[in-house]
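A short write-up of the structure that comes next.
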Amino acid sequence: MEKSAKIYVAGHRGMVGSAIYRKLQKEGYTNLLTKTSAELDLRNQQAVTDFFSAEKPDYVFLAAAKVGGIIANNTYRADFLFENLAIQNNVIHNAYLTGVKKLMFLGSSCIYPKLAPQPLKEDYLLTGALEETNEPYAIAKIAGIKMCDAYRDQYGCNFISVMPTNLYGYNDNYHPQNSHVLPALIRKVHEAKINDEKQVTVWGSGAPMREFLFADDLADACYFLMQNYNEPNLINIGVGHDLTIKDLALLIKDVLGFEGELVFDSSKPDGTPRKLMDVTKLHNLGWKHQIELKEGIALAYNDFLSRY
Ligand code: GFB
């Protein structure tokens, strides 16, 4: 990517898009194109067509999506399916129509079957049933992958798909119900600490295992892959190791300095028992994450404190 290339970062206000935007700025890109959702509703086909025809970006990072944690995915099933399909259909199709040189589509580790062998290799896609709580979101993301593949096959577009593991970082969503586990636990532990409470409630059994990648590391990987990866096949982005939700909660307690106990609420779903990415392909290309979990939690907590 030439430094003067016109690069559209879709979703630049979100955690992932803002990290990609910062990374591109840091690398000296000067022609970055962004629109807030108020300025451009990516679900609106005509609006997206008009935008692409007028702006004709050279490169696109498609980081705009409706996202959330396990309860949000399970509650807003129609919205997660419709909105994500609409956004990606509009952006991918118009990227093709206006001759975008390269597009990166961001998926999620939930595209893999619920009970797939671990770690998750890229070729496990579509080899089994999905996790029920996030099936609509996963179906939308799988459609996005297949769309990139189909536009490559039929029209020769250089559209690639990357699959990040569970993410956290600056600009995360700390909504008590709708957020992902890591920001949710930062908030709960923080509130328990300042209110001098003795307990924090953790959803589910605490036994599921998750892998966490700091969003700035993800942005670094996306930048790296935008320059070095041109294959039709998807590629995982993760750290290559995971921990139980209970251990995550203990680590957050430790970083935030909270001494109370953890209580597990079994009325809440566990979701997938484990989803550890196989990152062999990414490591073989020469990319590895920098920010380890404990350090990342401290960075995220500082961001939380500055914003709430
Ligand atoms: O991060 P999370 O919401 O989503 O939950 P998934 C991960 C695990 O943490 C589940 C438990 O076992 C939750 O029950 N958990 C414990 C909590 N306490 C909490 C809490 O206070 N809040 C939340 N949210 N969870 C999502 C998918 O799955 O992962 C999305 O639904 C997406 O589609 C995303 O793929 C990356 O990791 O289970």
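Please read all numbers here as calculations on a predicted model, not as lab measurements. Residue numbers run from 1 in the order of the sequence given. Counting starts at 1 for both ligands and their atoms, following the listed order.
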Nearest protein heavy atom with distance in Å, relative to atom 14 (O) of ligand 1:
P269 O, 2.6 Å
Heavy-atom contact under 4.0 Å between Q177 and ligand 1?
no
I need the nearest protein heavy-atom contact for atom 24 (N) of ligand 1: residue, atom name and distance, please.
S179 O, 2.9 Å
Which residue and atom name correspond to the protein heavy atom nearest atom 38 (O) of ligand 1, and how close is it?
R210 NH2, 2.8 Å
Heavy-atom nearest neighbour in the protein, as seen from atom 8 (C) of ligand 1, with distance rounded to 0.1 Å:
I245 CD1, 3.6 Å
Could you check whether any heavy atom of T272 sits closer than 4.0 Å to an atom of ligand 1, since that is the contact criterion I want to use?
no
Does an N or O anywhere in W203 fall below 3.5 Å from an N or O of ligand 1?
yes
Do the side chain of Q88 and the main chain of A140 share a donor and acceptor less than 3.5 angstrom apart?
yes
Provide the number and element of each atom of ligand 1 under 4.0 Å from a heavy atom of N73.
27 (C), 30 (C), 31 (O), 33 (O)
Indicate yes or no: does R152 engage E231 in a salt bridge with an N to O separation below 4.0 Å.
no
Between Y223 and K26: side-chain donor-acceptor atoms closer than 3.5 Å
no
Which one holds for A138 and ligand 1: side chain close, backbone close, both close, or neither close, with close meaning a heavy atom under 4.0 Å?
neither
Counting only N and O atoms by type, is there a donor-acceptor contact under 3.5 Å from the side chain of E211 to the main-chain atoms of V239?
yes
Which of the ligand 1 atoms, numbered from 1, are nearer than 4.0 Å to a heavy atom of G69:
3 (O), 31 (O)
Nearest 0.5 Å please: distance from the CG atom of D247 over to the CE atom of M209.
7.5 Å
Do any nitrogen or oxygen atoms of S108 come within less than 3.5 Å of a nitrogen or oxygen of ligand 1?
yes
Taking only non-hydrogen atoms of C110 and a 4.0 Å limit, the atoms of ligand 1 in range are 33 (O), 35 (O)
Sidechain-backbone polar pair: N73 side chain, G69 backbone, donor-acceptor under 3.5 Å
yes
side-chain contact (heavy atoms from CB on, under 4.5 Å) partner of L213, the single match among L167, N166, I291:
L167
Is the shortest distance from a heavy atom of T133 to ligand 1 less than 4.0 Å?
no
Using distance alone, decide if ligand 1 has a nitrogen or oxygen within less than 3.5 Å of any nitrogen or oxygen in K188.
yes
Consider side-chain contact (heavy atoms from CB on, under 4.5 Å). Of H190, E191, K188, E261, which one does V200 pass it with?
K188
Using distance alone, determine whether G271 and ligand 1 share an N or O pair under 3.5 Å.
no
Could you tell me whether Y137 approaches ligand 1 through its side chain, its backbone, both or neither, with non-hydrogen atoms closer than 4.0 Å?
side chain
How far is atom 17 (C) of ligand 1 from its nearest protein heavy atom, and which residue and atom name does that atom have?
V181 CG2, 3.4 Å
Identify, for atom 34 (C) of ligand 1, the protein heavy atom at the shortest distance, and state residue, atom and that distance.
H180 NE2, 3.4 Å
Is the closest heavy-atom distance from S109 to ligand 1 below 4.0 Å?
no
Nearest to atom 27 (C) of ligand 1, what protein heavy atom do you find, and at what distance?
N134 ND2, 3.2 Å
May I ask you to list the atoms of ligand 1 that are less than 4.0 angstrom from any heavy atom of A184?
20 (C), 21 (O), 22 (N)
Any salt bridge linking D216 with K23? Criterion: basic side-chain nitrogen under 4.0 Å from a carboxylate oxygen.
no
For ligand 1, which atoms have a heavy atom of P208 less than 4.0 angstrom away?
12 (O)
Go through the side-chain N and O atoms of D270 and S205 and say whether any donor and acceptor fall under 3.5 Å apart.
yes
For E2 and S4, does a side-chain donor sit closer than 3.5 Å to a side-chain acceptor?
no
What is the distance from atom CG of D172 to atom OH of Y174, rounded to the nearest 0.5 Å?
5.0 Å
Evaluate the ring pair (Phe, Tyr, Trp, His ring centres under 6.0 Å) criterion for residues Y59 and Y8: first the C-alpha distance (whole Å), next the side-chain angles of each, then the deciding distance (0.1 Å), finally the verdict.
CA-CA 6 Å; Y59 297 90; Y8 173 43; over 10 Å; no
Verify whether one side chain among N173 and S179 offers a donor that lies under 3.5 Å from an acceptor in the other.
no
Tell me the protein heavy atom at minimum distance from atom 12 (O) of ligand 1, and give that distance in Å.
D270 O, 2.6 Å
